[in-house]
There are 2 protein chains.
Amino acid sequence: MKSDKENIKIDGIDKKILRFLMTDARKPVLEIARKIGISGAAIHQRLRKLENSGLIAGSKFVINPKVLGYSTMAYVGIYLEKAMSNPVAVKALEQIPEVLECHYTTGNWSILIKVLCRDNEHLMQVLNNKIQQIDGVSRTETFISLDQQIERQITI
Amino acid sequence: MKSDKENIKIDGIDKKILRFLMTDARKPVLEIARKIGISGAAIHQRLRKLENSGLIAGSKFVINPKVLGYSTMAYVGIYLEKAMSNPVAVKALEQIPEVLECHYTTGNWSILIKVLCRDNEHLMQVLNNKIQQIDGVSRTETFISLDQQIERQITI
DNA sequence: GGTGAAAGAGGCGCAAC
DNA sequence: GTTGCGCCTCTTTCACC
């Protein structure tokens, strides 16, 4: 099982297969086969190729957090003290379940994170009691997402 | 098929099922059944309940964009002119495939977007030739993500 | 690269407890 | 809410084109 991360060639059929599965990971291979007019076995071969290439990183059920009462999303820019190493801060952030993403960024901040909370009060608690308590965090800037209007993956 | 978005009760078994499927949408229901010690039919019933509640929003194959040569991710804060309405700008942003997310935010900017490009030159072209060309966009601030260190969904 | 067939496994609904 | 059963579909591999 070798991995040709550089030499991957994707043709139109691969793209069609991926577009189906990117929007519904449980769509049966045979159903895709019927829709694009080739055999199920051919799709299997192509999927194996795409998996081995590393292009397919996995599959996920997507959860709607609002149903669980989580409706406040925010981005928080974090300033770290000079002495603070990024990996230590990231380790601390991993322990906070409300932190969904963490980026090491250029620009004003050292770190940009995405957090998901139940409401503004919960967000305030996470900022004051969890993030600000991390050793080396000097200051934060918070941007609340009032509405996420686009959410998609790379266009294949 | 009614939808009880407010009255959803998730017990420990539901959580276990969801945790399996959130990391591998194609994991067979019967395999999960064996691991947590109940019948496959019981899992089917619970999944139907969870789907009807709206908690399960769908499933996705996750693509690794680096294999396709996309390795520059950035966040861009966009300032809109006062006269500019947010929905018109969002419509324009939807037409740009490099834009993966778009948030209507509080704080300095009107809009915060996530963009994925092949490299810095590609990012520059997207900024100059696509985003800055949108009617009503006055200024942008770009934060390149040197490394995404956390990426996950809500903890169930 | 592609196909078709065949064996085994899983999906999914139903009746009963 | 759970179970066992049954039918049907899908998965996966194989030899072959």
Side-chain angles (χ1 to χ4, degrees), chain A residues 1-64 67-69 153 156, chain B residues 1-64 67-69 153-156:
Chain A
M1 193 192 289
K2 71 170 180 174
S3 175
D4 296 310
K5 297 224 180 193
E6 284 80 35
N7 300 329
I8 179 73
K9 294 266 187 286
I10 310 284
D11 68 10
I13 296 178
D14 291 324
K15 289 184 184 175
K16 282 184 186 174
I17 298 169
L18 287 172
R19 278 196 279 257
F20 277 115
L21 291 172
M22 283 170 74
T23 52
D24 178 6
R26 297 203 77 132
K27 187 175 280 281
V29 168
L30 286 180
E31 198 178 313
I32 299 170
R34 278 182 236 111
K35 287 200 178 166
I36 67 182
I38 62 174
S39 71
I43 306 226
H44 273 282
Q45 279 187 194
R46 284 167 177 274
L47 280 176
R48 250 201 315 278
K49 178 194 73 180
L50 293 172
E51 273 164 23
N52 290 343
S53 76
L55 214 205
I56 296 178
S59 63
K60 288 182 183 167
F61 258 55
V62 182
I63 297 302
N64 179 2
V67 176
L68 295 177
Q153 285 194 73
I156 300 279
Chain B
M1 192 193 291
K2 72 169 179 175
S3 174
D4 295 311
K5 297 222 181 194
E6 284 78 36
N7 301 329
I8 180 74
K9 294 266 186 288
I10 311 284
D11 70 8
I13 296 178
D14 291 325
K15 288 183 186 176
K16 281 185 187 171
I17 298 170
L18 286 172
R19 278 197 278 257
F20 276 115
L21 292 172
M22 282 171 73
T23 52
D24 178 5
R26 298 204 76 132
K27 187 175 280 281
V29 168
L30 287 180
E31 198 177 313
I32 299 170
R34 282 191 293 272
K35 288 199 177 168
I36 66 183
I38 63 175
S39 72
I43 305 226
H44 274 283
Q45 278 188 198
R46 285 166 177 274
L47 280 176
R48 249 202 312 281
K49 178 194 74 179
L50 294 172
E51 273 165 23
N52 291 342
S53 76
L55 214 206
I56 296 178
S59 63
K60 287 182 186 169
F61 257 58
V62 181
I63 296 302
N64 178 1
V67 176
L68 296 177
Q153 285 193 75
I154 186 175
T155 303
I156 300 280

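Letters A, B, ... are given to chains in the order of the sequence lines, protein chains preceding strands, and every chain is numbered from 1.
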Selection: residues 18-38 of chain B, any non-hydrogen atom under 4.0 Å of DNA chain D:
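B:Arg26, B:Ile38, in order of number.
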
According to salt bridge (charged side-chain N to carboxylate O under 4.0 Å, His left out), who are the partners of A:Glu51, at least two apart in sequence or on a separate chain?
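Testing A:Glu51 for salt bridge (charged side-chain N to carboxylate O under 4.0 Å, His left out), a comparison that skips the adjacent residues, returns none.
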
Applying salt bridge (charged side-chain N to carboxylate O under 4.0 Å, His left out), can you list everything that pairs with A:Lys49, at least two apart in sequence or on another chain?
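Counting only residues at least two positions away or on another chain, A:Lys49 forms a salt bridge (charged side-chain N to carboxylate O under 4.0 Å, His left out) with A:Asp14.
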
For DNA chain C, which residues of residues 40-50 of chain B approach it to below 4.0 angstrom with any heavy atom?
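Output list: B:Ala41, B:His44, B:Arg48.
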
Run through DNA chain D and report every stem of 3 or more consecutive Watson-Crick or G-U pairs, distances under 3.5 Å, ordered by first number.
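Ordered by first number, the stems with DNA chain D (at least 3 consecutive pairs each) read C:3-17 with D:1-15.
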
For A:Gln153, side chain to side chain contact (heavy atoms under 4.5 Å, CB included) partners two or more places apart:
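Expected list: A:Met22, B:Lys60, B:Val62, B:Ile63.
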
What pairs of donor and acceptor atoms, side-chain ones from residues 30-43 of chain B against any protein atom, are under 3.5 angstrom apart with sequence neighbours left out?
unit_1: B:Glu31; atom_1: OE2; unit_2: B:Lys27; atom_2: NZ; d: 3.3
unit_1: B:Ser39; atom_1: OG; unit_2: B:Ala42; atom_2: N; d: 3.2

With a 4.5 Å cut-off on side-chain heavy atoms, are A:Ile10 and A:Leu50 touching?
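Yes, side chains in contact.
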
Contact boundaries of DNA chain C with chain A (under 4.0 Å, heavy atoms), 5' to 3'?
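Using the under 4.0 Å cut-off, the span is C:dG1 to C:dG11.
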
If a pair satisfies side chain to side chain donor-acceptor pair (under 3.5 Å) and one of its residues is in residues 15-26 of chain B, list it, with sequence neighbours excluded.
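Every pair satisfying side chain to side chain donor-acceptor pair (under 3.5 Å) with a residue in residues 15-26 of chain B: A:Ser59-B:Asp24.
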
Report the distance from atom CD1 of B:Ile17 to atom CD1 of B:Ile56, rounding to the nearest 0.5 Å.
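Those atoms lie 8.5 Å apart.
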
Find the distance between CG (A:Asn64) and CD1 (B:Ile154) and round it off to the nearest 0.5 Å.
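Output value for this atom pair is 9.5 Å.
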
Shoot me the first and last contacting nucleotide of DNA chain D against chain A, ordered 5' to 3', at under 4.0 angstrom to non-hydrogen atoms.
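With heavy atoms of chain A under 4.0 Å away, the range is D:dC10 to D:dT13.
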
